[in-house]
2 protein chains.
Amino acid sequence: MCLLYRVHFISDPTKQRVIEAARKLGYVPNLSARQLRNREDHRRITLALLWPMDTRASTIVRFLNGIQEYIITEEEMEIELLIEPYGEVGIQSVKGLEVPNRFNGAILAHTTKADEQLMDGFSPSVPIVQFHRYSSKYSYVNANNFQAGEKVAEHFIQNRHERIAILYPEVSSEALEQRLAGIVGRLEKDLQTEYIQKTCTFTENGGYQAVRELIRDAYHPTALICISDHVAMGALSALHDHGISVPDQCEVMGFDNQEFSKFTIPKLSTVHLPVEKMAKRATQILVKSILNPMCPVTQEVFDLEIIHRSTTKQGI
Amino acid sequence: MCLLYRVHFISDPTKQRVIEAARKLGYVPNLSARQLRNREDHRRITLALLWPMDTRASTIVRFLNGIQEYIITEEEMEIELLIEPYGEVGIQSVKGLEVPNRFNGAILAHTTKADEQLMDGFSPSVPIVQFHRYSSKYSYVNANNFQAGEKVAEHFIQNRHERIAILYPEVSSEALEQRLAGIVGRLEKDLQTEYIQKTCTFTENGGYQAVRELIRDAYHPTALICISDHVAMGALSALHDHGISVPDQCEVMGFDNQEFSKFTIPKLSTVHLPVEKMAKRATQILVKSILNPMCPVTQEVFDLEIIHRSTTKQGI
DNA sequence: CTGTTAGCGCCTTCAG
DNA sequence: CTGAAGGCGCTAACAG
């Protein structure tokens, strides 16, 4: 019992009555007032993590791991992390961007096009760092997804593939579109290589179904570029079910380098995305901007590398 | 710029000087004061999610998904979610449990034995709901892991296995220990069945290495019980690398029913853990306790069912 | 146009 | 033992 928790001089029955009344009125102690009163939060700041709670949520674990390292080591400030999982409505539902009293700063992750337009239009009341996307206006930490896409395409061109299928999600983000653009851009330059784009949901099941449909339609890809490891895992499963051997009959490439992708069968070749490092950096930049409102916009891009494991063939 | 953001009558150079001074002093606006002043937070409560940022973090995504559904539909209150990822120090590092001004209530997930002892000892300043563990003192939402362990063991006894290996993690939680206890308890009742316990880290790599070591030591299991799907995935990978066919030469069972386990090769049989439902329920109970401090302790246990896919054999 | 102040809700302290 | 009041930091409103 926290209400009345140090009031000794009130008799128990009276306490009961007060508590009962409080319950009826729906009274909840006001945290802001308590914090203000106790003023032990002088060096505390609250960061918000605006993350879409759709299928792209899985990297949030890696993000949190990356961020935590920073939070713990940061001694100057005490950092509090607010999760704002927003749904399909988009970022507009997050109140704290308009009002400056919810959090001191925010990291926006995987925003959609609509979100981005919204963000361009108005000026948020607190510093913002965009995660995994470019921005002309705000600080960001991004990865060179376009170049990574080119590298992946390059690999498959080298291996002289006849039929390349690109599995990419309908609900997209800039990062994923950049990957696609990089892949397609490079493939287009090479006239010998044929490819098709196949949309799917951004899940294992999406990859599975997409491959099934391709095969049903008598399209037998010799290479599969999956826009995420999750999709790739589903694709591997479907290829296996159809008796197509990887990488002999079909090479497969993923994106992200999730923990599990070392343990698929065969072990998945993928593009390493340094989520943890990016998260740490994004948090650093945000905290700096909060402490120094005049801090210039900081924009960083991480280079990405292909990790060849067992679903691709090298040096043929 | 949020500082001075509506003060129009101050000249720009002066603004600059003020901001510069603020920066030098390390001034950060006090959110509590702002919130208090603007009092539009009458019906807002803050929930904390105390989650260990170790390898058990992966279910946090499912948890967040489950919780979000509730948060959005709950109209009476505006619910804010604070993540307190605590490290190896344990729960003691979370200040808000002692002081009643950080959050209105907390969900403790995957606490360790040390944490549990600590919690038994003192009375937290806010309502608590334990997630995925029993408690004599607090509300909890748990799953019947013991019974699930028994069911799994029962299956393998039915299939008359000669060598069963149980892979379970060193850093454990009550839930995992219950699984183990259920498995071992049931196996012990059957004198014909031999089994061994093998510890491993709680990751895909842990499962992979454990199986490698077993085989190196000339122990060829005919059944593998993995205490989580992640471990199972690693185990499957290792079995594949050693040319051991699943389920013919070795059956494999996981726990949790993570999204990916439908897409391993072969498709993983596992025990479904309804994380989303449990998360939603835990949040409901917590909110109720916050709104009604006299609310009695609520304790709920979900039953678990085996999902047979392709890594086990049924009806032989 | 500029400076002052009241009061948000809470809890500690001090006065009666 | 009980009751009243001050002040945490902020900003809208008001007074000069």
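So that the names make sense, note that chain A is the first sequence line, chain B the second, and so on, each numbered from 1.
Here C/dG9 presents its C1' atom at 14 Å from CZ of B/R44, a figure rounded to the nearest Å. A straight line from CD of A/Q35 to C1' of D/dG7 spans 17 Å, rounded to a whole angstrom. The CG atom of B/N104 sits 15 Å away from the P atom of C/dG9 (whole-angstrom rounding). B/L36 places its CG atom 13 Å from the P atom of D/dC8, with the value rounded to the nearest Å. At whole-Å resolution of the value, CG in A/N30 and P in C/dC10 are 5 Å apart. Distance B/N101 CG to D/dC8 C1': 12 Å, rounded to the nearest Å.
Taking every side-chain heavy atom of B/Y27 into account, D/dC10 is the closest of D/dC10, C/dC11, C/dC10.
Considering only residues two or more places apart in sequence or on other chains, B/E74 meets the salt bridge (Lys or Arg N to Asp or Glu O under 4.0 Å) condition with none of them. Applying the side chain to side chain donor-acceptor pair (under 3.5 Å) rule to B/Q284 yields the partners B/R281; only residues at least two apart in sequence or on another chain are considered. Residues that satisfy the side chain to side chain donor-acceptor pair (under 3.5 Å) test with A/E69, not counting sequence neighbours, are A/K280. A/Q68 meets the side chain to side chain donor-acceptor pair (under 3.5 Å) test with no other residue; sequence neighbours excluded. Every residue two or more places apart in sequence or in another chain that forms a side chain to side chain donor-acceptor pair (under 3.5 Å) with A/D115 is listed here: A/T112. Here B/E80 pairs with B/R44 under the salt bridge (Lys or Arg N to Asp or Glu O under 4.0 Å) rule; sequence neighbours left out. B/F131 meets the ring-ring contact (aromatic ring centres under 6.0 Å, His included) test with B/F63; sequence neighbours excluded.
Between B/R34 and D/dG9, a side-chain N or O to OP1/OP2 separation shorter than 4.0 Å is absent.
Taking CD1 of A/I128 as the reference point, atom OH of A/Y140 lies at 16.0 Å (rounded to 0.5 Å).
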Short heteroatom pairs, N/O only, protein and nucleotides 4-7 of chain C, under 3.5 Å:
{"unit_1": "C/dG7", "atom_1": "N2", "unit_2": "B/R37", "atom_2": "NE", "d": "2.7"}

Checklist line | Per-nucleotide pairing state of DNA chain C [Watson-Crick or G-U, under 3.5 Å; [ ] pseudoknot-crossing; | other strand] | finding: ||||||||||||||||
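Comment: B/K113 engages B/E177 in a salt bridge, judged by a side-chain N to carboxylate O separation of less than 4.0 angstrom.
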